[in-house]
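Small disclaimer: the values here were computed from a predicted structure and weren't measured.
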Amino acid sequence: MTGVFFLYFTACMANAPETCEARRMPLDVATPRACQHVAQPQLARWVEEHPDYRIAGWRCGAPMRDPGTRI
């Protein structure tokens, strides 16, 4: 059974480290452990495609079950 976990990460500009963006990448994996297993190669690929950025931090997580508006 496959599922979708997200790789949540913070990408900062290499030449302006105070300029950061929160990003997420869907991964077709079934467990948090599988997400952690593929996270670093996926991030390395992302950085290779976006050389002006560096990764400041990351985590794996399931998508929100209720994407409704917070009050």
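For the side chain to side chain contact (heavy atoms under 4.5 Å, CB included) test, residues two or more places apart in sequence or in another chain that qualify with A16 are M13, E18, T19. Every side chain to side chain donor-acceptor pair (under 3.5 Å) that R23 has, sequence neighbours left out, goes to E21. Considering only residues two or more places apart in sequence or on other chains, H50 meets the ring-ring contact (aromatic ring centres under 6.0 Å, His included) condition with W46.
Note that the CZ atom of R54 and the CG atom of N15 stand 11.0 Å from one another [nearest 0.5 Å]. For the atom pair SG of C12 and CG of D52, the computed distance is 13.0 Å after rounding to the nearest 0.5 Å. Atom CG of L27 is separated from atom SG of C35 by 5.0 Å, given to the nearest 0.5 angstrom.
Because its NZ or CZ atom is not both nearer than 6.0 Å to the ring centre of Y8 and within 45° of the ring axis, R24 does not count as a cation-pi partner of that residue.
Counting heavy atoms from C-beta outward, V29 and V38 have side chains that approach closer than 4.5 Å. Looking at M25 and F9, their side chains come closer than 4.5 Å, going by heavy atoms from C-beta outward. The shortest distance between side-chain heavy atoms of V47 and Y53 does not fall below 4.5 Å. Contact of the W58 side chain with the L43 side chain is registered, since non-hydrogen atoms from C-beta on lie closer than 4.5 Å.
Residues F5 and A62 share a closest heavy-atom pair of CD2-N, 3.7 Å. The minimum heavy-atom distance linking Q36 with C60 is given by the pair N-SG, 3.5 Å.
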